[in-house]
Amino acid sequence: MAAVLVNGAGDGLVLDRVTVNYGGVRALDAVSLEIRPATVVGLIGPNGAGKTTLINAVTGILRPASGTISLGKTRLDRLSQHRVARAGVARTYQNIRLFGTLSVADNVRAGAYRRRGTLADDAVRELLTRATVQVADLRGQAGTLPYGEQRRLEIARALASDPKVLLLDEPAAGMNPRETGGLRALIRDVARSGTGVLLVEHDMSLVAAVCDHVVVLNFGETIARGTPTQVARDPGVIEAYLGTNAAADMR
Amino acid sequence: MLEFLAHHSKLIDQIGINALLALSLSISLRAGSLALAQAAFMGIAAYVSSIGAVRLGWNLPLAGLAGALAAALVAALLALPIGRLRGVFLAIATIGFGEIARIIEINWPITGGAEGFSGIPNDANTLWIYGTLALAGAALALFGRTKLALAVAATREDENAARGVGIDVAAVRMGTLVAGAVLAGFAGTLYAHANFFITPGDFGFSRMEQVLVMCVIGGVTSSLGAVVGAVLMTALPELVRFLQDYREVSSGAILLGIILFAPSGIAGLWRRFS
Amino acid sequence: MLVQQLANGLFLGAVYALFAIGYTLIFGVLDILNLAHAAIFMLAAFVALSLVGFGFPLVLAVALALVFAGLLGVLLDRIAFAPLRRRNAGTLVPLISSIGAAIVMQGIARGVWGPDEHRFPSNGLSTAEFHLGSLSVGALDLIILAVALALMGILSYVMRSTALGRSIRAVAEDRVAAALLGIDIERTIALTFFIASALGGAAGILIGLQYNSVSLEMGARIELKGLAIIILGGMGSVTGAVIGAFILGAVETLSVAYVSSSYRDAIAFGVMFLILVLRPAGLLGKRALRAA
């Protein structure tokens, strides 16, 4: 594990033995992982394993009790939320959090807040197209879009910041297989453009299809890591899922 | 027409000042914070500018700038302790701040106490009032096109998501409070210099309620709405003179009517407040 | 001197408590700040005054005015809050509509009773005083204290030991769960408004009697003090409101006696501001209502 970290002193997001206490519980226990540019790392585990806690720790919502989080040479773990975002970390939320009464275009523009200037309509359209958001009216209220479009608009908003790292919290939740297929292509495309992606997801076929590396959490601890195939064969992982369909899916 | 204007010049001035106050409150509301300190900011500026004019011989522009600066400083200091408060609790804390300011005005000898401060030069004419209002409106319109306006709107919609895209929510909240205080400060100076005489009671909770009502009736997210609300609610008592002692009922009934039957008039902002 | 001031603080605190209980009860059950509470407080005093003027005995006039205040509270809920509840308007829109309702009530009072201060006819009131060492206590003060404590005792019994009290606490805890338990939510809310407003009205009548003065401004004077009390006690906590009210009553009378009357109210609001900033849950917080 240490070797991974030494090699990763480049531009990626690195968590080094991060421990987070939350609500009197050790929500993350010395978790380390690295997301290099242009790679997709999957973060999986049963509900309550600490996946969203990890995203919240990276984005500055929760403070680690110990350990470090850095992006390239920038230490993130002492920065406030907005500074983490400005450093180049973008995210989506498990429960969609768009700026509901603002227009679709303004949601994307707000995403580009850390960048110089404001996005022109063409740039907004380009981002929407890239995230496969289907909207006729850029001026329409974001909150009135269908659920799937809202999920993708959230991704478009995150991409608008031109992030170094993109954290996706269950992006496929509530999507049909065709939509999930589009999401798969999108994640690959984002990684190809040089952005590191962290994918928290229950849809194991999506994880297996796009991830270069998978980390498995259970009760805040890392119980396995490796390629999707290696992880799927890991007896500890199968046990954590109690032989449920999820583990079966992976094989 | 001219005769009408001459006859109602007092009312017309009052409308302009109230419009400025409603604009100033709308700035905070746009960031989603129900900070109800406008009347206090107005009072601080009114006293600073009046005392400066009477004791130190300041002219109106200088008094106005000094008043606005004082209100802005107080707002910046106030923003620090109330930074973590939201919703009803923010409203109550700022109401409490307003009461403290009023009580200090009553008791500080330099203000003339509860009997009021008089002898203020009567130099804020209609031109000054509407000139300031026009400038404020233009400034807000220009601001509306900037990226900062987007940051304000995003803060109102979802603070956490706003932080997530790099918006400094605390700075947005402080900035809107201070900007609102500057406008309320100008309104306070104009009020004092149009009335010759001020008392602490002019800047109490009932004034704050009036301003809030204007904003809500006009529609909280738009500058034009705030101005429309101010015009309507200031002119209304004159329009319903025939109701005599029951005049007040009409403004309360209009406010209730708008909230109950025209919720789209007060737009999605209020839904987001929940 | 100190004992006298504490006694005065007790009388003041008892009336404050009646007012603040109603405020905090509505917040506890509905999560809304009802700024029309002070208007009901004032209207009840005016109604009691008029009834006495019509020749009703004081006790009957007070009782009828209390019922009037309670019914006015139910009406207030139907007009200004219930429609917003149905559309899930959150907590701040109702705050604005309560201001609208307060303006309407204030306007009606101005129309009916005019802008001047009114006094109860002197024959109805006892001016007797008791002396206990250096302590002097008016009979009226004692009656007011007794009535206030009796009302609080009844409320405490209702909240703890009756089906209605259990329903109110359940609705305050979780409206959806209460509905699933078969509690009639709208009826419970209506009764909460009745109780809260009748208590607020009682405070208005008692203060009107205590100072022998009923005016349009009396609501505005207590409205913000009531806020300070319920913040001090913890929003939604009935016990907290009572404790906060007695603390404020004592602090006010003591500060008049020993510090200066001029900054009396600043102390209340200063404390309120500090509590909001440092400990927003107040002394007891909303849980206390639910656990009561």
Side-chain angles (χ1 to χ4, degrees), chain B residues 34 78 80-104 106-108 113-114 204-206 209-210 212-213 215-217 220 243-261 263 266 269-274, chain C residues 27 31-33 35-36 39 79-80 83-84 87-115 216-217 220 223-225 227-228 230-231 235 260 262-278 280:
Chain B
L34 194 72
L78 176 66
L80 298 174
I82 65 172
R84 283 193 310 164
L85 298 175
R86 299 289 180 271
V88 173
F89 293 97
L90 176 65
I92 296 174
T94 46
I95 290 170
F97 163 78
E99 283 301 292
I100 293 170
R102 189 178 63 83
I103 294 162
I104 291 173
I106 292 176
N107 291 293
W108 205 351
F205 184 56
S206 60
E209 277 187 326
Q210 279 175 13
L212 182 59
V213 168
C215 272
V216 171
I217 284 180
V220 277
L243 291 174
Q244 296 176 347
D245 278 344
Y246 288 94
R247 263 182 292 174
E248 249 177 304
V249 176
S250 62
S251 41
I254 288 181
L255 176 58
L256 275 176
I258 295 235
I259 286 177
L260 297 177
F261 302 115
I266 53 171
L269 169 57
W270 297 92
R271 258 171 271 137
R272 306 297 309 184
F273 269 151
S274 51
Chain C
F27 184 86
D31 274 331
I32 58 177
L33 193 59
L35 288 179
I79 293 175
L84 300 176
R87 87 163 94 105
N88 282 326
T91 58
L92 294 176
V93 180
L95 185 146
I96 312 273
S97 77
S98 77
I99 292 177
I103 295 172
V104 169
M105 286 191 238
Q106 184 86 11
I108 289 173
R110 188 187 301 278
V112 174
W113 287 282
L216 289 175
E217 290 79 36
E223 177 172 37
L224 300 182
K225 275 184 197 170
L227 274 187
I230 62 178
I231 291 296
M235 298 279 278
S260 131
S262 41
Y263 281 99
R264 181 186 71 187
D265 293 344
I267 293 172
F269 293 112
V271 169
M272 170 178 112
F273 188 86
L274 282 180
I275 287 184
L276 277 173
V277 169
L278 302 174

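Protein chains get the first letters and strands the later ones, always in sequence-line order, with residue 1 at the start of each.
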Give, as side chain, backbone, both or neither, the part of C/Ile32 having an atom under 4.5 angstrom from any heavy atom of chain B.
-> neither

Closest non-hydrogen atom pair between C/Leu224 and B/Phe205, with its separation = CD1-CB, 3.7 Å

Partner chain C: residue of B/Arg102, B/Glu99, B/Glu248 with the largest heavy-atom pair count (under 4.5 Å) | B/Glu248

Relative to chain C, which segment of B/Val213 carries a heavy atom at a distance below 4.5 Å: side chain, backbone, both, or neither?
-> side chain

Name of the residue among B/Leu255, B/Leu256, B/Ile258 meeting side chain to side chain contact (heavy atoms under 4.5 Å, CB included) with C/Ser97 = B/Leu256

How about C/Met272 and B/Ile92: do any of their side-chain heavy atoms sit closer than 4.5 Å?
-> yes

Could you tell me which of C/Asp265, C/Val104, C/Leu84 has the largest number of non-hydrogen atom pairs under 4.5 Å with chain B?
-> C/Val104

Return yes if some donor-acceptor pair links the side-chain N/O of C/Arg87 with the main-chain N/O of B/Leu260 below 3.5 Å, else return no.
-> yes

Decide side-chain contact (heavy atoms from CB on, under 4.5 Å) for C/Phe273 and B/Ile82; before the verdict, give the C-alpha distance in whole Å, the side-chain angles of both, and the deciding distance to 0.1 Å.
-> CA-CA 9 Å; C/Phe273 188 86; B/Ile82 65 172; 3.7 Å; yes

Side chain, backbone, both or neither of C/Ala266 within contact of chain B (heavy atoms, under 4.5 Å) | both

Given a strict heavy-atom distance threshold of 4.5 Å, which part of B/Leu78 is in contact with chain C: side chain, backbone, both, or neither?
-> side chain

Which bit of B/Ile106 comes within less than 4.5 Å of chain C, counting heavy atoms only: side chain, backbone, both or neither?
-> neither

